[in-house]
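Report on one structure; see the data block that follows.
Just so it is clear: chains get the letters A, B, ... in the order the sequence lines come, proteins before strands, and each one is counted from 1. What you see below is based on every heavy atom in this structure, not just the backbone, and it leaves out hydrogens, waters and symmetry mates.
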Number of protein chains: 2
Amino acid sequence: MPAATELPHPERASLEIGAVLFALSDPERRELVRELREGPQDAANCMAIDPALPKSTKSHLMKVLRESGVIRNEPNGRNRRLTLRSDDLESRFPGLLDAVLGPR
Amino acid sequence: MPAATELPHPERASLEIGAVLFALSDPERRELVRELREGPQDAANCMAIDPALPKSTKSHLMKVLRESGVIRNEPNGRNRRLTLRSDDLESRFPGLLDAVLGPR
DNA sequence: CGATCGGTTCAACTATTCTCGAACCATGCC
DNA sequence: GGCATGGTTCGAGAATAGTTGAACCGATCG
(Lines give C-alpha, C1' and ligand atoms only; values in the text may rest on other atoms or scores of the structure.)
Protein backbone atom coordinates (compact mmCIF):
# COMPACT_ATOMS: atom_id res chain seq x y z
CA MET A 1 0.00 0.00 0.00
CA PRO A 2 1.50 3.24 -1.12
CA ALA A 3 -0.12 5.10 1.78
CA ALA A 4 3.02 5.46 3.86
CA THR A 5 3.62 8.19 6.37
CA GLU A 6 3.20 11.34 4.34
CA LEU A 7 4.29 14.41 6.22
CA PRO A 8 2.75 17.84 5.65
CA HIS A 9 4.62 20.30 3.46
CA PRO A 10 3.74 23.95 2.90
CA GLU A 11 2.76 24.89 -0.64
CA ARG A 12 5.13 26.97 -2.67
CA ALA A 13 2.77 29.94 -2.46
CA SER A 14 2.67 29.88 1.31
CA LEU A 15 6.38 29.80 2.00
CA GLU A 16 7.32 32.48 4.49
CA ILE A 17 10.59 34.31 4.36
CA GLY A 18 10.75 34.52 8.16
CA ALA A 19 10.44 30.79 8.67
CA VAL A 20 12.96 30.09 5.92
CA LEU A 21 15.50 32.51 7.36
CA PHE A 22 15.00 31.07 10.81
CA ALA A 23 15.48 27.54 9.53
CA LEU A 24 18.66 28.55 7.75
CA SER A 25 20.03 30.47 10.72
CA ASP A 26 21.25 27.27 12.37
CA PRO A 27 24.63 25.88 11.28
CA GLU A 28 23.62 22.24 11.42
CA ARG A 29 20.55 22.86 9.36
CA ARG A 30 22.60 24.81 6.85
CA GLU A 31 25.01 21.92 6.65
CA LEU A 32 22.18 19.54 5.88
CA VAL A 33 20.91 21.89 3.18
CA ARG A 34 24.39 22.08 1.73
CA GLU A 35 24.43 18.30 1.40
CA LEU A 36 21.10 18.28 -0.34
CA ARG A 37 22.30 20.89 -2.74
CA GLU A 38 24.19 18.22 -4.62
CA GLY A 39 21.04 16.21 -5.04
CA PRO A 40 18.42 14.25 -3.06
CA GLN A 41 19.67 11.98 -0.34
CA ASP A 42 18.30 9.18 1.73
CA ALA A 43 17.79 10.36 5.26
CA ALA A 44 19.96 7.49 6.42
CA ASN A 45 22.92 9.13 4.73
CA CYS A 46 22.34 12.40 6.47
CA MET A 47 21.75 10.68 9.77
CA ALA A 48 25.13 9.03 9.40
CA ILE A 49 27.00 12.30 9.01
CA ASP A 50 27.23 13.17 12.68
CA PRO A 51 26.84 9.88 14.57
CA ALA A 52 27.03 11.67 17.90
CA LEU A 53 23.59 13.23 17.53
CA PRO A 54 20.65 11.03 18.49
CA LYS A 55 18.20 10.38 15.72
CA SER A 56 15.39 12.22 17.41
CA THR A 57 17.50 15.36 17.32
CA LYS A 58 18.26 14.93 13.64
CA SER A 59 14.63 14.29 12.96
CA HIS A 60 13.85 17.57 14.63
CA LEU A 61 16.30 19.44 12.44
CA MET A 62 14.62 17.99 9.40
CA LYS A 63 11.23 18.90 10.75
CA VAL A 64 12.13 22.57 11.04
CA LEU A 65 13.50 22.56 7.52
CA ARG A 66 10.47 20.74 6.21
CA GLU A 67 7.88 22.90 7.97
CA SER A 68 9.53 26.03 6.68
CA GLY A 69 9.47 24.59 3.17
CA VAL A 70 13.20 24.34 2.65
CA ILE A 71 13.28 20.59 2.12
CA ARG A 72 10.88 17.90 1.12
CA ASN A 73 10.72 14.66 3.10
CA GLU A 74 8.91 11.78 1.48
CA PRO A 75 8.72 8.10 2.28
CA ASN A 76 10.96 5.94 0.14
CA GLY A 77 10.84 2.27 0.84
CA ARG A 78 11.68 1.86 4.45
CA ASN A 79 13.55 5.08 4.72
CA ARG A 80 12.99 8.63 3.53
CA ARG A 81 14.09 10.70 0.64
CA LEU A 82 15.15 14.26 1.37
CA THR A 83 15.06 16.85 -1.37
CA LEU A 84 16.02 20.51 -1.35
CA ARG A 85 13.09 22.54 -2.67
CA SER A 86 15.37 24.65 -4.82
CA ASP A 87 12.75 25.50 -7.42
CA ASP A 88 10.16 26.60 -4.91
CA LEU A 89 12.70 28.67 -3.01
CA GLU A 90 14.11 30.22 -6.15
CA SER A 91 10.63 31.04 -7.33
CA ARG A 92 9.57 32.73 -4.10
CA PHE A 93 12.90 34.20 -2.95
CA PRO A 94 15.18 34.48 -5.95
CA GLY A 95 18.86 34.33 -5.12
CA LEU A 96 18.35 33.54 -1.47
CA LEU A 97 19.88 30.10 -1.42
CA ASP A 98 22.99 31.20 -3.28
CA ALA A 99 23.33 34.23 -1.06
CA VAL A 100 23.11 32.11 2.07
CA LEU A 101 25.22 29.15 1.04
CA GLY A 102 27.55 30.91 -1.34
CA PRO A 103 27.69 30.13 -5.04
CA ARG A 104 28.17 26.55 -6.01
CA MET B 1 33.15 66.06 24.28
CA PRO B 2 32.78 63.72 21.37
CA ALA B 3 33.09 60.68 23.64
CA ALA B 4 29.43 59.77 23.67
CA THR B 5 28.06 56.29 24.17
CA GLU B 6 29.67 54.22 21.47
CA LEU B 7 28.16 50.78 21.15
CA PRO B 8 30.16 47.78 19.96
CA HIS B 9 29.80 46.71 16.34
CA PRO B 10 31.24 43.58 14.75
CA GLU B 11 33.83 44.15 12.04
CA ARG B 12 32.91 43.42 8.49
CA ALA B 13 35.21 40.42 8.46
CA SER B 14 33.58 38.83 11.45
CA LEU B 15 29.98 39.02 10.33
CA GLU B 16 28.32 35.64 10.66
CA ILE B 17 25.69 34.42 8.28
CA GLY B 18 23.87 32.61 11.06
CA ALA B 19 23.47 35.69 13.21
CA VAL B 20 22.43 37.78 10.22
CA LEU B 21 19.80 35.28 9.13
CA PHE B 22 18.50 35.01 12.64
CA ALA B 23 18.27 38.78 12.98
CA LEU B 24 16.39 39.00 9.70
CA SER B 25 14.04 36.16 10.55
CA ASP B 26 11.86 38.44 12.65
CA PRO B 27 9.21 40.54 10.86
CA GLU B 28 9.63 43.63 13.02
CA ARG B 29 13.35 43.61 12.54
CA ARG B 30 12.90 43.19 8.81
CA GLU B 31 10.54 46.12 8.81
CA LEU B 32 13.14 48.28 10.50
CA VAL B 33 15.74 47.19 7.98
CA ARG B 34 13.35 48.03 5.17
CA GLU B 35 13.05 51.56 6.53
CA LEU B 36 16.78 51.96 6.68
CA ARG B 37 17.11 50.78 3.15
CA GLU B 38 16.02 54.19 1.96
CA GLY B 39 18.78 55.80 3.94
CA PRO B 40 19.94 56.44 7.51
CA GLN B 41 17.33 57.46 10.03
CA ASP B 42 17.28 58.92 13.47
CA ALA B 43 16.24 56.28 15.94
CA ALA B 44 13.48 58.62 17.06
CA ASN B 45 11.81 58.19 13.68
CA CYS B 46 11.90 54.44 13.91
CA MET B 47 10.69 54.53 17.48
CA ALA B 48 7.71 56.54 16.34
CA ILE B 49 6.61 53.98 13.76
CA ASP B 50 4.81 51.66 16.13
CA PRO B 51 3.92 53.73 19.20
CA ALA B 52 2.43 50.74 20.96
CA LEU B 53 5.81 49.11 21.55
CA PRO B 54 7.70 50.36 24.60
CA LYS B 55 11.06 51.85 23.88
CA SER B 56 12.97 49.15 25.70
CA THR B 57 11.50 46.62 23.32
CA LYS B 58 12.48 48.67 20.29
CA SER B 59 15.93 49.14 21.72
CA HIS B 60 16.21 45.39 21.98
CA LEU B 61 15.26 44.93 18.33
CA MET B 62 18.00 47.35 17.36
CA LYS B 63 20.45 45.56 19.58
CA VAL B 64 19.95 42.25 17.83
CA LEU B 65 20.35 43.92 14.45
CA ARG B 66 23.43 45.78 15.60
CA GLU B 67 25.14 42.82 17.22
CA SER B 68 24.64 40.74 14.12
CA GLY B 69 26.14 43.52 12.04
CA VAL B 70 23.05 44.38 10.04
CA ILE B 71 22.80 47.97 11.20
CA ARG B 72 25.09 50.56 12.67
CA ASN B 73 23.94 52.58 15.65
CA GLU B 74 25.97 55.67 16.48
CA PRO B 75 25.34 58.61 18.76
CA ASN B 76 24.08 61.69 16.98
CA GLY B 77 23.45 64.68 19.15
CA ARG B 78 21.00 63.59 21.73
CA ASN B 79 19.62 60.76 19.73
CA ARG B 80 21.07 58.05 17.54
CA ARG B 81 21.66 57.55 13.89
CA LEU B 82 20.79 54.17 12.45
CA THR B 83 22.42 53.01 9.24
CA LEU B 84 21.97 49.83 7.28
CA ARG B 85 25.39 48.27 6.72
CA SER B 86 24.61 47.55 3.09
CA ASP B 87 28.20 47.62 1.91
CA ASP B 88 29.47 45.27 4.58
CA LEU B 89 26.59 42.89 4.01
CA GLU B 90 26.96 43.00 0.26
CA SER B 91 30.66 42.38 0.59
CA ARG B 92 30.30 39.36 2.84
CA PHE B 93 27.00 37.93 1.60
CA PRO B 94 26.39 39.22 -1.91
CA GLY B 95 22.76 39.40 -2.90
CA LEU B 96 21.45 38.48 0.53
CA LEU B 97 19.69 41.70 1.35
CA ASP B 98 17.93 41.86 -2.00
CA ALA B 99 16.95 38.22 -1.74
CA VAL B 100 15.48 38.75 1.71
CA LEU B 101 13.75 42.09 1.21
CA GLY B 102 12.98 41.79 -2.45
CA PRO B 103 14.43 44.13 -5.05
CA ARG B 104 14.04 47.80 -4.47
C1' DC C 1 22.81 74.01 37.43
C1' DG C 2 18.16 71.50 36.97
C1' DA C 3 14.84 69.57 34.05
C1' DT C 4 13.91 67.14 29.94
C1' DC C 5 14.53 64.27 26.10
C1' DG C 6 16.19 60.13 23.50
C1' DG C 7 17.86 55.92 24.22
C1' DT C 8 20.32 52.04 26.67
C1' DT C 9 20.74 48.71 30.42
C1' DC C 10 19.00 45.84 34.14
C1' DA C 11 16.17 42.40 36.11
C1' DA C 12 12.38 39.47 36.22
C1' DC C 13 9.09 36.99 33.77
C1' DT C 14 7.12 34.62 29.79
C1' DA C 15 7.41 32.13 25.56
C1' DT C 16 9.79 29.60 22.22
C1' DT C 17 13.21 26.43 20.84
C1' DC C 18 16.53 22.67 21.55
C1' DT C 19 17.83 18.09 23.15
C1' DC C 20 17.24 13.39 23.78
C1' DG C 21 15.35 9.00 25.64
C1' DA C 22 11.37 6.19 25.23
C1' DA C 23 7.51 4.74 22.85
C1' DC C 24 5.71 4.08 18.52
C1' DC C 25 4.83 2.96 13.46
C1' DA C 26 5.39 1.49 8.92
C1' DT C 27 8.32 -1.31 5.75
C1' DG C 28 10.82 -5.20 4.18
C1' DC C 29 12.93 -9.55 5.12
C1' DC C 30 13.03 -14.27 7.18
C1' DG D 1 3.41 -13.93 11.40
C1' DG D 2 7.52 -12.16 13.81
C1' DC D 3 11.37 -9.32 13.90
C1' DA D 4 14.85 -6.02 12.63
C1' DT D 5 15.36 -1.42 10.45
C1' DG D 6 14.74 3.56 9.60
C1' DG D 7 12.48 7.26 11.11
C1' DT D 8 8.76 10.02 13.56
C1' DT D 9 6.36 11.55 17.77
C1' DC D 10 5.87 12.42 22.64
C1' DG D 11 7.20 14.38 26.86
C1' DA D 12 10.14 16.63 30.05
C1' DG D 13 14.04 19.43 31.21
C1' DA D 14 17.59 22.82 29.68
C1' DA D 15 18.70 26.63 27.11
C1' DT D 16 17.79 30.59 24.47
C1' DA D 17 15.02 34.55 23.08
C1' DG D 18 11.35 38.16 23.63
C1' DT D 19 8.82 41.75 26.58
C1' DT D 20 8.53 45.36 29.60
C1' DG D 21 8.92 48.71 33.60
C1' DA D 22 12.22 51.01 36.17
C1' DA D 23 16.64 52.89 36.77
C1' DC D 24 20.17 55.14 34.41
C1' DC D 25 23.13 58.25 31.29
C1' DG D 26 24.75 61.65 28.20
C1' DA D 27 23.31 65.70 25.48
C1' DT D 28 20.66 69.78 25.20
C1' DC D 29 17.59 73.60 26.57
C1' DG D 30 16.04 77.08 29.87
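- No more than 12 heavy atoms of other residues, nucleotides or ligands shown are found within 6.0 angstrom of CD on B/Glu16.
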Where protein sits on nucleotides 7-18 of chain D, one letter per nucleotide: B base, S sugar-phosphate only, - none, heavy atoms under 4.0 Å: BBB-------SS
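- With rounding to the nearest 0.5 Å, the separation of CG in B/Leu61 from CZ in B/Arg30 is 12.5 Å.
- Mapped onto DNA chain C by nearest heavy atom, A/Pro54 and A/Asn76 fall at different nucleotides, with A/Pro54 at the one closer to the 5' end.
- Note that OG of B/Ser68 and CD1 of B/Ile17 are 10.5 Å apart. Values are rounded to the nearest 0.5 Å.
- Looking at B/Arg81 and B/Asp42, a side-chain N of the basic residue comes within less than 4.0 Å of a carboxylate O on the acidic one, giving a salt bridge.
- Atom CD of A/Glu67 and atom P of C/dT16 are 15 Å apart (whole Å).
- With rounding to whole Å, B/Asp50 atom CG is found 11 Å from D/dT19 atom P.
- Checking side-chain atoms of B/Arg37 against main-chain N and O of B/Leu84 turns up no donor-acceptor pair under 3.5 Å.
- Between B/Glu28 atom CD and D/dT19 atom C1' there is a gap of 11 Å when expressed in whole angstrom units.
- Distance alone, capped at 3.5 Å, places no donor-acceptor pair between the A/Lys58 side chain and the A/Cys46 backbone.
- Taking atom CG of residue B/Leu61 and atom C1' of nucleotide C/dT9, one finds them 15 Å apart after rounding to whole Å.
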